[in-house]
Amino acid sequence: MEIKNTSYRFELSETLKLALPIIVAQIGNVLMGATNSYMIAEIDTSSLAAGGVANSIYIVFIVLGIGILSTVAPMVATAAGANNKERVGILFRTSIEVAFLTTLVLTAGMFIVAENFHYFKQTPEITSIAKVYLEILSLSSFPYLMFIAAKQFADGLSHTKPSVYITIIGVSVNVLFNWLLIWGNLGFPAWGIVGSGIATFIARLVMAGLMFGYIHTNKNISMYLPDFSQNFKTSGYIKKIYKIGIPAGMQLFFEIGAFTACALIVGQIGTKQAAAHQIAMTFAAISTMISTGISYAGAIRVAQFLGKEQFDKIRKAGIAAMLLTCIVMSICGIFFIIFRTNLAEVFGKNDQELITIAGSVMLIAGLFQLSDGLQVTSLGILRGVHDVNIPTVITLISYWVIGLPIGYVLGITMDLGVDGVWIGLLVGLSASALMLIVRFFAITKDVNFQKLFNNSHAGS
């Protein structure tokens with residue numbers, strides 16, 4: 001359908017409509033980890049800290065897969081905008097193949113890390129628990145990336161609502177099996193943190209099955225599906241997804257990797273500091289999913305205009321996404337700052353020392369909400385116009401050259417503890433946001449969008 005109204009108000013409205021279901025689905029996925037943390041915290045503080053470290057390492061790997069598959073929605077949106085039904089269908093099949101190949105590599109990598117967990121120099125108690133939990137989580141990567149591949153395909157066709165309901169079902173299944181398998185309710189075995197990992201695997205398997213079921217039964221989507229009996233040549237599309245997706249995955253890897261490195265640094269300070277870090281990370285991850293949803297929506301909007309060859313509207317769509325992010329993440333930041341102690345008490349379990357440490361970290365988390373949101377959204381809209389290489393370098397510099405070293409110096413050398421480490425994150429995220437925003441305005445001013453359009457069809 002042709003978009004006639006090009007005002008920022010209209011663009012904000014359209015981006016929000018597209019983003020809201022994605023945001024809810026993204027928050028739902030994070031809530032799965034949050035409910036795991038909450039229920040694991042009932043076991044003991046060591047299990048909470050170990051689960052946090054293991055989950056941080058798991059996320060470092062899985063975001064590579066998510067980043068690679070995040071290119072599917074913009075590519076589908078561009079193909080649909082150009083009314084190329086055949087290319088849309090082939091992209092669905094290709095995304096499944098890419099998800100499978102990526103899972104094999106990531107799962108192998110996680111098992112290798114788990115078997116060498118002692119190199120992270122955590123406490124013996126954290127090491128023994130985290131190793132087993134990481135191995136179980138790694139097995140859930142296959143159904144999870146299959147779900148992401150199918151979700152990206154549906155999102156690219158602007159069918160963003162079904163994943164919301166499916167995610168809610170997944171979170172509910174996860175809570176149920178956590179309750180059954182952590183404490184052995186209703187005659188089930190009491191497996192503790194191991195049971196939590198198994199619950200996550202079951203929930204993700206259900207989510208993948210429901211997402212594929214929706215795609216095959218909805219006529220507005222199934223009309224794009226290819227005949228799987230035909231021998232389509234997908235190698236060119238696989239290469240293209242990896243060409244754009246690997247840098248996109250590395251962007252997430254550098255950011256999440258920095259947070260994980262911070263978790264390992266904090267783990268050397270003490271168990272309660274590690275638990276406080278995990279508490280703050282849980283809430284920060286939830287708010288980040290809001291900006292991630294806006295980022296995906298912005299990428300889809302930008303890609304749709306690219307496919308329609310409406311090059312003058314690309315910049316407007318990107319600006320609208322950033323404005324929406326500023327509004328929402330400012331609210332999140334204020335909420336974190338005002339209610340930091342209350343939020344810490346959710347996981348603190350009446351441990352006053354832990355609540356005090358976590359509350360202090362939550363204050364810093366509140367301060368970097370705007371920077372974090374803007375850098376996530378900027379990465380998304382740049383990915384929508386297939387600009388991934390320079391942004392990848394920007395994320396590397398921001399987190400690993402600026403943020404992490406500052407955090408280490410402040411936290412360890414200057415003995416500011418976990419607060420110093422998080423101040424480093426604040427500086428790194430702010431640097432990333434600034435450079436990426438400058439990059440977007442530079443590229444939308446100077447680049448030849450007709451060339452971008454031609455490049456988006458390369459290998460079709």
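No side-chain N or O of E135 forms a donor-acceptor pair with one of Y58 less than 3.5 Å apart. Donor-acceptor pairing under 3.5 Å is recorded for the side chains of Y242 and T102. Q251 and T395 form no side-chain donor-acceptor contact under 3.5 Å, judged by distance and modelled atom types alone. Side chains of R301 and T15: no donor on one and acceptor on the other come within 3.5 Å.
The aromatic ring centres of W183 and F188 sit 6.0 Å or more apart.
Classified by interplanar angle (parallel below 30°, tilted 30° to 60°, perpendicular above 60°), the ring pair F335/F339 is tilted. Between F153 and F92, the ring-plane angle classifies as tilted under the 30° and 60° cut-offs. Classified by interplanar angle (parallel below 30°, tilted 30° to 60°, perpendicular above 60°), the ring pair Y214/H159 is tilted.
A donor-acceptor pair is defined here as one N or O able to donate and one able to accept, closer than 3.5 Å; no such pair exists between the side chain of K131 and the backbone of N116. Of the possible donor and acceptor atoms, none in the side chain of Q278 sits under 3.5 Å from a partner among the backbone N and O of A274. Remark: side-chain polar atoms of T392 are paired, donor with acceptor, to backbone N or O of P247 under 3.5 angstrom. A donor-acceptor pair is defined here as one N or O able to donate and one able to accept, closer than 3.5 Å; such a pair exists between the side chain of W400 and the backbone of F254. Between the T107 side chain and the L104 main chain, no donor and acceptor come within less than 3.5 Å of each other. A donor-acceptor distance shorter than 3.5 angstrom exists from the side chain of S70 to the backbone of G67, with no hydrogens or angles considered.
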When you look at M75 and S95, which way does the side chain to side chain contact (heavy atoms under 4.5 Å, CB included) test go after all the steps? CA-CA 11 Å; M75 290 175 69; S95 67; over 6 Å; no
Residues T160, D155; criterion side chain to side chain donor-acceptor pair (under 3.5 Å); working and verdict: CA-CA 5 Å; T160 57; D155 286 350; 5.3 Å; no
I would like to know whether V361 and H277 meet side chain to side chain contact (heavy atoms under 4.5 Å, CB included); could you show each step before the answer? CA-CA 7 Å; V361 179; H277 173 86; 5.8 Å; no
Might you work through the side chain to side chain contact (heavy atoms under 4.5 Å, CB included) test for F283 and V346, ending with a clear yes or no? CA-CA 11 Å; F283 289 108; V346 174; 4.2 Å; yes
Report the C-alpha separation of Y399 and S432 in whole Å, then their side-chain angles, then the decisive distance to 0.1 Å, and conclude whether the side chain to side chain contact (heavy atoms under 4.5 Å, CB included) test is met. CA-CA 8 Å; Y399 307 134; S432 177; 3.6 Å; yes
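With contacts defined as side-chain heavy-atom distances shorter than 4.5 Å, the pair L106/L145 qualifies. L343 places a side-chain heavy atom less than 4.5 Å from the side chain of F336. Residues S158 and L18 are in side-chain contact: their nearest non-hydrogen atoms beyond the backbone lie under 4.5 Å apart. Contact of the L181 side chain with the S196 side chain is not registered, since no non-hydrogen atoms from C-beta on lie closer than 4.5 Å.
Ion pair E97/R93 flagged as a salt bridge, since at least one NZ, NE, NH1 or NH2 atom sits closer than 4.0 Å to an Asp/Glu carboxylate oxygen. Of the charged side-chain nitrogens involved, none lies within less than 4.0 Å of a carboxylate oxygen, so that R383 and D387 do not count as a salt-bridged pair.
When the shell of 6.0 Å around CZ of F212 is examined, it contains more than 12 heavy atoms from other residues, nucleotides or ligands. Within 6.0 Å of CZ on F100 lie no more than 12 heavy atoms contributed by other residues, nucleotides or ligands.
Listed here is the closest heavy atom pair of A19 and G293: CB-O, 3.8 Å. Minimum heavy-atom separation, M39 to V175: CE-O, 3.8 Å.
Here CD1 of I182 is found 12.0 Å from CH2 of W179. Values are rounded to the nearest 0.5 Å. With rounding to the nearest 0.5 angstrom, the CG atom of N185 is 6.5 Å from the CG atom of L180. Distance check, rounded to the nearest 0.5 Å: CD of Q152 to CG of L69 gives 7.0 Å.
The one candidate from N178, N174, T282, T200 that meets the side chain to side chain donor-acceptor pair (under 3.5 Å) condition with T35 is N174.
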